[in-house]
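Below is one structure, written out as structure tokens; the observations come after it.
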2 protein chains.
Amino acid sequence: MLMNKDATAAQRGYSVLVDDPGFLLARVNARQLSVVGEALRPLGLRPRSYTILRLAATNDPPMQRDLAHVLELDPSQVVTLVDDLQRAGLVERHQSEIDRRSNVIVATDLGKARLVEAASVVTEAHSTVFAVLDTAEKDALHDALRRITLAEWEEEE
Amino acid sequence: MLMNKDATAAQRGYSVLVDDPGFLLARVNARQLSVVGEALRPLGLRPRSYTILRLAATNDPPMQRDLAHVLELDPSQVVTLVDDLQRAGLVERHQSEIDRRSNVIVATDLGKARLVEAASVVTEAHSTVFAVLDTAEKDALHDALRRITLAEWEEEE
DNA sequence: TATTGTTATACTCTATAACTATA
DNA sequence: TATAGTTATAGAGTATAACAATA
């Protein structure tokens, strides 16, 4: 059907895009990155530094090599991200005891405190992005994404 | 080579990441972009040019301004994308009859033929990415992403 | 000889401002 | 005055190669 120029995106021919799961995935992810990034900015974090901080605050903190692997980044990019977190006093580089080439990235107390705030605003950002879904649908979406990712990780070996 | 001296990603502390829908969304999208991009490369297309070509092949072909809007790109970026498609003979710029400033982007016959091939390889790429989901789960995922996107589009007005 | 982290560099993508031709 | 398309440019992000220290 032909529409005037004020027709909405959904009403116009853009319906072909809505049939493309790849387009939708890219679109929703862009929105998520934007909303989460905006929420984290006042805390001096970005989506990636937030992820690194989360890992650094666990009982089994990662080495830089691990970060490059899970974030699918080049090791040289991890250097910059860890530099920024370290400069902000949120993480420290500890030389590994078993391999002196390796840095273990551990969160400081300040980093752990910051992480608590960050996790809160990120959760709120997610609920904004997924607001149109009910709880069961949110869980199903989360579960589907998790299984795709886990399957991919298992393939790597 | 990826040896087994370390536990797998899923077995280690990375489980905290798997609880983050934003991380998973970014991860799955990166994988999708990579697989789709690889599949489209032999056809001289990239994910974004493919989207533009799809819209250009509809009965209600878009103006560049529309492309910038749905792809959430700056108009200046659309110029380059349309330039490439036009140079490849897949689309043409037609001056709008109602506003001579505007270009309507329409697919050529070659473009429509290329689109048929492209749609095929993209569909196959998607089934690779979503392989771990059964049909009902794929549909549910697609539906959730569609509703999030449509809701966002409706908010814009 | 291979790997971890690092530096340097080039390339791509994105964001911004200014210009033109139309409206 | 405002808008569609274009151009130019600077910034962020990404990819690649080389290097030192260590294994």
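Just the heavy atoms: all of them, side chains too, but no hydrogens, waters or symmetry mates, feed the values below. Every value quoted in this text rests on a predicted model; they were computed, and no experiment measured them. Each chain gets a letter, A, B and so on, in the order its sequence line appears, and its residues count up from 1.
Under the salt bridge (Lys or Arg N to Asp or Glu O under 4.0 Å) criterion, B:Asp139 pairs with no residue, sequence neighbours left out. Considering only residues two or more places apart in sequence or on other chains, A:Arg114 meets the salt bridge (Lys or Arg N to Asp or Glu O under 4.0 Å) condition with none of them. The side-chain contact (heavy atoms from CB on, under 4.5 Å) check on B:Asp20 picks up A:Tyr50, A:Arg54, A:His126, B:Phe23, with sequence neighbours excluded. Contacts of A:Asp74 classified as salt bridge (Lys or Arg N to Asp or Glu O under 4.0 Å), with partners at least two apart in sequence or in another chain: none. In this view, A:Val106 and A:Pro61, A:Glu92, A:His94, A:Val104 satisfy the side-chain contact (heavy atoms from CB on, under 4.5 Å) rule, not counting sequence neighbours. Remark: B:Arg46 pairs with B:Asp84 by the salt bridge (Lys or Arg N to Asp or Glu O under 4.0 Å) rule, at least two apart or across chains.
The stretch residues 125-138 of chain B participates, sequence neighbours left out, in these salt bridge (Lys or Arg N to Asp or Glu O under 4.0 Å) pairs: A:Arg147-B:Glu137. Annotation: salt bridge (Lys or Arg N to Asp or Glu O under 4.0 Å) contacts involving residues 117-131 of chain A, sequence neighbours excluded, are absent. Among residues at least two apart or in separate chains, salt bridge (Lys or Arg N to Asp or Glu O under 4.0 Å) pairs with a member in residues 24-34 of chain B are A:Glu72-B:Arg27, A:Glu152-B:Arg27, A:Glu156-B:Arg27.
A:Arg65 places its CZ atom 17 Å from the P atom of C:dA2, with the value rounded to the nearest Å. Protein atom CG of A:Leu81 is 12 Å distant from nucleotide atom P of C:dT6, rounded to whole Å. Atom CG of B:Leu67 is separated from atom P of D:dT3 by 19 Å (rounded to the nearest Å). At whole-Å resolution of the value, NE2 in A:His94 and P in C:dG5 are 14 Å apart. B:Ile52 has its CD1 atom 14 Å from the C1' atom of D:dG5, to the nearest Å. Here D:dT14 presents its P atom at 12 Å from CD of A:Glu72, a figure rounded to the nearest Å. Distance CG (A:Asp84) to P (C:dT6): 13 Å, rounded to an integer number of Å. Distance A:Asn103 CG to C:dT3 P: 18 Å, rounded to the nearest Å.
Residues of residues 27-45 of chain B having a heavy atom closer than 4.0 Å to DNA chain D: none are found.
Panel note: side chain B:Ser34, backbone B:Ala30; no donor-acceptor pair is recorded below 3.5 Å.
Using a 4.0 Å cut-off between a side-chain N of Lys or Arg and a carboxylate O of Asp or Glu, B:Arg93 and B:Asp83 qualify as a salt bridge.
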Exercise for the section: Quick one, give me the B/S/- string for nucleotides 17-23 of chain C, reading 5' to 3', where B means a protein heavy atom under 4.0 Å from the base and S means that only happens at the primed atoms, P, OP1 or OP2. Expected result: ----BBS
Identify each atom pair where a protein N or O and an N or O of nucleotides 12-14 of chain C are less than 3.5 Å apart, giving names and distance.
from, atom 1, to, atom 2, distance (Å)
C:dC13, OP1, B:Arg46, NH1, 3.4
C:dT14, OP1, B:Arg48, NH2, 2.8
C:dT14, OP2, B:Arg48, NH1, 2.4
C:dT14, OP2, B:Arg48, NH2, 3.3
C:dT14, OP2, B:Gln77, NE2, 3.4

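The side chain of A:Arg93 contributes an N or O atom lying less than 4.0 Å from OP1 or OP2 of C:dT6.
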